[in-house]
Amino acid sequence: MAEGGLTSHRRDPIKSSVGNVAAHRRRQNAVEVGKERRESLVRAKRLCRVSSSCDDSDVCIENDMIIDEEQSILEAQTSSAVEELKSAVSFQGKGAMQKLVGALREMRRLLSKSEFPPVEAAIKAGAIPLLVQCLSFGSPDEQLLEAAWCLTNIAAGKPEETKALLPALPLLIAHLGEKSSSPVAEQCAWALGNVAGEGEELRSVLLCQGALPPLARMMLPNKGSTVRTAAWALSNLIKGPDHKAATELIRVDGVVDAILRHLRKADEELATEVAWVVVYLSALSNVATSMLVKSDVIQLLVQRLASSNSLQLLIPVLRSLGNVIAGDSHTIVAVLLPGCEITDNVIEVLVKCLKSEHRVLKKEAAWVLSNIAAGSVEHKQLIYSSEAAPLLLRLLSTAPFDIRKEVAYVLGNLCVAPTEGDGKPNLISEHLVSLVGRGCLPGFIDLVRSADTEAARLGLQFMELVLRGMPNGEGPKLVEREDGIEAMERFQFHENEDLRNMANGLVDRYFGEDYGLDE
Amino acid sequence: MEYNPEFLSQCFLHTLSPQPEPRRAAESKLTELADHPNYALAVLRLVAEPSINEQIRHAAAVNFKNHLRSRWAPSPDSSFTPILDAEKDQIKILIVTLMLSSTPLVQSQLSESLSLIGKHDFPKSWPTLLPELVSNLRAASQSNDYASINGILGTANSIFKKFRYQYKTNDLLLDLKYCLDNFSAPLLEMFLRTTALIDSMVSSGGGSPVTLKPLFESQRLCCRIFFSLNFQELPEFFEDHMKEWMAEFKKYLTTGYPVLESSAEGLGVVDELRAAVCENISLYMEKNEEEFKDYLNDFAQAVWTLLGNVSQSSSRDSLAVTAIKFLTTVSTSVHHTLFAVDGVIPQICQSIVIPNVRLRDEDEELFEMNYIEFIRRDMEGSDIDTRRRIACELLKGIATNYKQQVISIVSVQIQNLLTSYAANPAAQWKDKDCAIYLVVSLSAKKAGGTSVSTDLVDVQSFFASVIVPELQSQDVNAFPMLKAGALKFFTMFRNQIPKTLVLQLFPYLIQFLGAESNVVHSYAASCIEKLLLVKDEGGRSRYTSADVAPNLLVLMNNLFTALRFPESEENQYIMKSIMRVLGVAEITPEIAGPCIAGLTSILAEVCKNPKNPIFNHYLFESVAVLVRRACERDISLIPSFEASLFPRLQEILGNDVTEFLPYAFQLLAQLVELNRPPISDTYMEIFKLLLSPDSWNRNSNVPALVRLLQAFLEKAPEKVTQEGRLAQVLGIFNRLVSAPSTDEQGFYVLNSVIEKLEYGAIAPYVGHIWNALFSRLQSKRTVKFIKSLLVFMSLFLVKHGSANLVDSMNAVQAGIFLAILEQFLIPNLKLITGRIEVKLVSVASIRLICESPSLLDAGAVRHWGKMLDSIVTLLSRPEEDRVGDEPEMPDIAENAGYTAAFVNLYNAGKKEEDPLKDIKDPKEFLAASLVKLSALSPGKFPQIINENLDPANQAILLQICSTYNCPIV
C-alpha cells in the first residue's frame, strides 16, 4: 500500500460505481479472433467423397475400390483428365454425351479419391471454365450432377481454390430452383455451402446473386438429405458478421415453421444442421430472435437438450438457447417466468450440461445461466436454490480458467438485484452471505490475480459487493484473510485505467489508512 | 510557412548550450515556431538530413517526439494547437523509412514517436503502416539486416502493446484481427528464420557474440509480440502453428549458448529471451490450458531444471522471476497434480524457494547504497518482481491445493534456519533473516502494512524468542539487516503484540532511531508511527499521549537527530513519524518550542530547493498539527509561532517557491483563524497580496487562496469592506464562478461574503452577483453549479431574510425569482446532500414559503404547493434514494486542473460550520412553521396540499405534523 494520504489525494477517484457490468446480459463478442470453435470448424467446408444420394450403384462400388495413391500420380492423372474433359467438351460427334459424362466422372473420381484431392492441379489445368460450361441449362442431370460434384470438391480446398469457383456461382445457384432434380439441386447446394464456408467476402457475393431464397425453400420439406444439405449450406451462408442474411432468411415464408418442425421431429443429424441455422439466426438477427422467441422454440431446444446425448447436437442447441435468452429481453421477461414448467426445465437441462464431461458444454451452460441470473430477483432465487448452485461453486474452484470466468458471472449475478439507471446495484444479501459462506470468495480473488482484464474486473466487482455487503462489517476482514488486498495492490500502477481506479478506490475506501488522528 | 533548416539547426544547437541565455532564447523561439503549421515536418526533415551533426539531429528528434506527444491529438481542453491533417499524412508517409535508416539514438526517438502516432491512429487512420512494416521486414530479413529487423519488430511490439491491457471490446478485437491477419505469418517466418540462423551458427561452432546478440534480441522481440497478439485470446493462426512455436520455445529454455553465455552481458541477452519465453508459456498455461496441456510436462521439466541453475546464481533476476511465475501458474491450475508427486514440494522448497529467498550480495548492496529503494521493495509491496517475493508467491500458489504440506515443510525449514543461526550467529545471520522473511511474506497481508495471520508460527512466541532479542540488542549498529528484519516483523504484526510488551520495547525503538543504517532508523521511525495508529475494537486508539509521555523528550530529540544522518536529511519516514507523534502527544511548551524551531529550520533548508514532495508534505503537516494542537491547549503561543513562521512564509511568497505556495496559504489561513481581532498589519499586507489578480493566475493555488480569503472574511470582515476591497473580492468570485473547474471555489468565497458581512455592505454589489450567477446559469449549467446556487440562495435567505433575497433578484429582472424557483429550485431541491447542507436548504425553503409574500400570493399557490412537495421529499427520503449518480462526474474531469498540484493539508483543515446552530430538527421546524402559517388562514392550506403534493408525500407530511403535534388547519 502506498504511504498515507498524499498519494491517495493524487489518485483519480473511482470513476463509476463498481459492480454494474455483471448484472447485464451479455452477448458474445461479434468479432472472432480465435479459431472458430472446433466443432463447427469441421463443418465449414465438406468434401463429397461418397455420393449423397448413392443411388448410382457403380459409384458406390467405385468408392470401395479407392486406395490412396501417390499424390504426384494423382496430380498427373488429374491434369490429363482435364485435357480429356477439354476434348470431350469440344467433341461434337456421335456419343458426345457419353464421352462428356465419362470424362466428368473420371474427373470427379480423381477429386473424391483422397482426403487431399488434387484441386490445385485441376484448377491449373483449367478445369473451372470447362465445368462451368458443363453446367449450362438443358444439360442432362447426370452431367450436371458430376460437374457440380467436381466443383464441390474444388470448393472444399484452400481459400484461393474456393475463390476460383466465382464464375460457376450463377449457374450453381440457378440449378437450385424447383425445376432441377433433387440430386442436382442438392449437389449444387453442397458446392455453394463450401463457397459460403470460405468467408465473408464470398458469402456476400452469394447473397447478391440471390442464393438465399432457393436454399431456404429447399429446407422446407420434411426429410431427406436435401433438407440437411440445404440447412448446412444456409448455416454457412448466414454466418455474418453482417446480420442482413439472417434476417432475410427468417422472413422467407415457411422457414420458421420448417425450423420448428425439424427441431421437433427430425432425426439427430438433421436437427443438428437446423440447430446451427438457429445458432446464427439468434446470434445475428434481432428480428429472427424475436420471432423465434414467440414460437415454442425454447421448449423444443430444451427437449432436445434433455433427450439427446450427442455432443454434435447438444452444442448448437445449447448455444441457440443461450442466444435466444441473451438476445431478447422478452425471453426472460415473458417466457422464462419463475414458477413455469418451462423455466424449471431450462434450469434442469443446464444443470445436465454443467455436469457433463465436455468442456464446451460446461462453459456454454454457465454462460446461459449467467444471462438468466441477470434477470429478476425471482430468477436469481430460482438458480440459487437449484442444483446448479453447488455445481457452480465447485467449478469456480476446480475448472479451467475460461469456465471459471463464466461461472463467476453467474455467481456474481446471483448476488445483485437488477438496478435502474447506472446506480450501484443493490445486494441480495441472503445470496451473497450464503455463497461467500460456502467459500466462493477465493475463486473471485483468483480472478483478480489473473492476466485477463475482464476476469479481473469481475473479481473486483464481486469483492466490492463483499466489502460493502457482508453484514457486521465482515467484508473487509474476509477479503483481508483471503489475501485480497495483495491481489488488489497489483493494480496500483496497472495500465488499464478503469481497473486501476477500481482497485485503488476499493483499497482506499475500505482499507485506507487513517490519515489524521481524531482524539 | 517555410522553415530555414540552417536556422532551425542553430536553434537546436543552442538548446544544448550550457549557457542559460542562448539556451532559453532558442527554447522560446522553438516554442513559438511550434505553433505554426508544418513545424513538425520541418523538424523531421532536419532529423533526416545526413549532413547535419548527429547531436543536433538527436535534439531535434527529441523535440519532434515531444511535439507529437502534445499536439498529435491534444485533449479538448488543452491549449495546444493540433497538427493539421495534411501535415500528419506527410509525417506518416516519411517516418517508417526514416526511422529505419537512422542511427540508433535517433532511431529510438523516432520509434517512440511512431508509437505515439500509432496510439491514436493505428490501425484505422493509418492503414499503410502495417503493410509497410511487413514489406520492410521481409526485405530486411532477406538481407539479414538485423539492425532494421529489430527496429521494425521494436515498433510493432510497441504498437501491439495495447492488446495486453485493454478490455475485450468489439473495436479492440477488430483491431486485433487486423493485426493478426497481417502480422501473424510474417512473425512466425521471421522467428523461424532467425532460429535457423542461430542454430546453424552454433552448430558449426561459428558465431561471435557480436553477430549472435542481435539475433537473440530479435527473437526476444518476436516473443514479446507473440505475447501481445495472444493476450486476449488464442488466435486461430497461433493455434494452428502452436507446434512450431513451442518447439523453439523449448529449445531456448533447454539449450546453452556458451559463446554468448560466457560473458555476463551475453548471458543477460540469452536470459532475456528465456524470460520472454516464460511469459508466453505462463500466458498459455493460464488462459489456454487445454490447448497447451500436451506441452505442459516438457515445459515444467525444462523450467524446473533451468531454475535449479538460475537459483544458485546471484544475477539472472528477471529470468528467475518469470520462470518461478510459470511454476506458480501451474501450481494453481487444474494441472496442479504435477506437484502432488512425492518429494516434489520439499524439493521445490529446498532448491528453488530457499535459495531465492536468501539474501544475496545485491540485496546487501541495495540495503547500504539505496535505502529508499530497499524499503520500497521490502516493506511497501514494490517487490512484485523480486526473487524473494516471487519465491514466496510460488509457495502460496502450491498452498492453495496442498496447504498442510506446505505449512509443515516450511515450518521445519524455518526451525532449521533458526537452529543453524543459533549454532553460529555471526556467520549464519542470513539464515535468521531468511526465516523472518518467510514468516512475514507468507502471512496474509492487510492494508497499511500489517499482517493478519500466519499458520507457520505462533506469532507471539516467535516474537518473544526471535524478534525481541534483536530489538533488545546492545549494539544498534550490529547486523543491521537483521535489525531491519526484526523491526519490520514488529511493524507488520503490531496489532498482535500486547500493549504491555510494546511499552516495554518502546525505549529500544527510540534507540534504534540512532542507528547508523538508514534502513534501520527509518524502520524504527516507521514502526513508532504505525504503532500510534493502532486501533482497538471500537476504533479507539490503543496508544495515547499518556503512553508516549514518559519517553517524549528523548523521542522527539532522537527523531530530529536522525534527520542529520547522511542521506536522511529528507527522510520521509522520520518526518511522518514526527507528524504522528505531534498528533498524539501532549504538546507542552517544552515540546512546542524546540519542535517549531526544528521544523522551521528544516523548512528554511528545503525552501532553497524543494526535492522530496512527500517529505515536504509531512513537514508542512507537522507544522500545521503542532500549531493546531499547541494553540488548542494554550492560545498565547500564537505570537511565538508567528515569529518563527513568518520569515519562512514570507520567503516562500517572496521567492515564489511554487511548490510550497499552496501550503503557505493554508498555514496562513490557519494562523488567521487562530488569531483574535484585531488582525495585525503583517496579515493585512498578505491580504493585499491576496487580492491582486496575479496571485490567482496559477490554478494550483486557487483552493488554498480561497481558504485564506475565507479566513480573512471570517476574522476581519470590517477590513474587507474598507478601501473598495469588497469589489476586489467579488471580482475574484466572478472570475472563479465563470469556469466549471473553479465554480465551487467561487461559491466558497461568495458564501463567506454573504455569511460574514452585513447586508448594508453587500447591498450595492448584489445586482452584480446575481448577474454573474445568471449568466453562468445560461452559458454552462451543471448539476454541481445548480446545487451550489441553491445552497447560496439558502444562506442568503437565512442571513439576510427572504425579502432581501426576492427583491434583489427581481431587481435584476422583474419576476425572475419565481422563474428560478420553478425551473431550478423545485426540481433540484432533492439533489442536495450533506447533513448541514440539507438542513440549511430545507430550513431556508420552509421560511420562504411561510414568510415570503411572493409565495403566499394567491397567484403563486401552485408554486407554494410544489415547493412544499420538494421540501418533504428532501427531508423524508434517504440520500441514496433521492440522488442518482450524477451523470457529469464533476469531481474528476473538472478538478483535474489543480488536483495535480494542490495538496490539502489535513491538519490545517477548515472545520465545517453550521450556520443554523439553534435549529436542531428541520422536520420539527417544518411542522411548527406550517401550523403557525395555517392558523392565519384556516382551510386554505389543506386544499393546496391536497392538490399539489404527491400522495406519498401528503401522508409523510401528515405523519410529520402529528409527530410534533402540529396539525395543519
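The shown structure was predicted, so the numbers you read here are calculated from the model rather than taken from an experiment. Only heavy atoms go into these numbers, but all of them, side chains included; no hydrogens, no water, no symmetry mates. Each chain gets a letter, A, B and so on, in the order its sequence line appears, and its residues count up from 1.
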Q: Please state whether the side chain, the backbone, both or neither of B/Gln166 comes within less than 4.5 Å of a heavy atom of chain A.
A: backbone

Q.
So for atom NZ, which belongs to B/Lys162, do other residues, nucleotides or ligands contribute more than 12 heavy atoms lying within a distance under 6.0 Å?
A. yes

Q: Flag the pair A/Glu454 and B/Lys287 as a salt bridge only when some basic side-chain nitrogen lies within less than 4.0 angstrom of an acidic carboxylate oxygen.
A: no

Q. Of all heavy-atom pairs between B/Glu289 and A/Phe401, which one has the smallest distance, and what is that distance?
A. OE2-N, 3.2 Å

Q: For B/Phe227, enumerate each residue passing the ring pair (Phe, Tyr, Trp, His ring centres under 6.0 Å) test, keeping only those at least two apart in sequence or located in another chain.
A: B/Phe231

**Q.** Best-contacting candidate, A/Pro476, A/Ser450, A/Ala455, against chain B by heavy atom pairs under 4.5 angstrom
**A.** A/Ser450

Q) Salt bridge check: are A/Glu486 and B/Lys396 linked by an N-O gap of less than 4.0 Å? A) no

Q: Take atom CZ of A/Phe116 as the centre, draw a 6.0 Å sphere, and report whether it contains more than 12 heavy atoms from other residues, nucleotides or ligands.
A: no

**Q.** Whether over 12 other heavy atoms sit under 6.0 Å from A/Glu357 CD
**A.** no

(Q) Distance check, rounded to the nearest 0.5 Å: A/Asp483 atom CG versus B/Leu442 atom CG? (A) 10.0 Å

Q. What distance do A/Asn496 atom CG and B/Arg164 atom CZ have between them, rounded to the nearest 0.5 Å?
A. 14.5 Å

Q. For A/Ala456, is it the side chain, the backbone, both or neither that has a heavy atom under 4.5 Å from a heavy atom of chain B?
A. neither

(Q) Tell me whether the count of non-hydrogen atoms from other residues, nucleotides or ligands lying under 6.0 Å of CZ in A/Arg394 goes above 12. (A) no

Q. Do you know the tightest heavy-atom contact between A/Thr398 and B/Val334?
A. O-CG1, 2.9 Å

Q) Can you name the side chain to side chain contact (heavy atoms under 4.5 Å, CB included) partners of A/Arg359, sequence neighbours left out? A) A/Pro400, A/Asp402, A/Ile403, B/Glu290

Q: Specify the closest pair of heavy atoms between B/Tyr165 and A/Thr453, including all atoms of both residues, with the distance to one decimal.
A: O-CG2, 3.2 Å

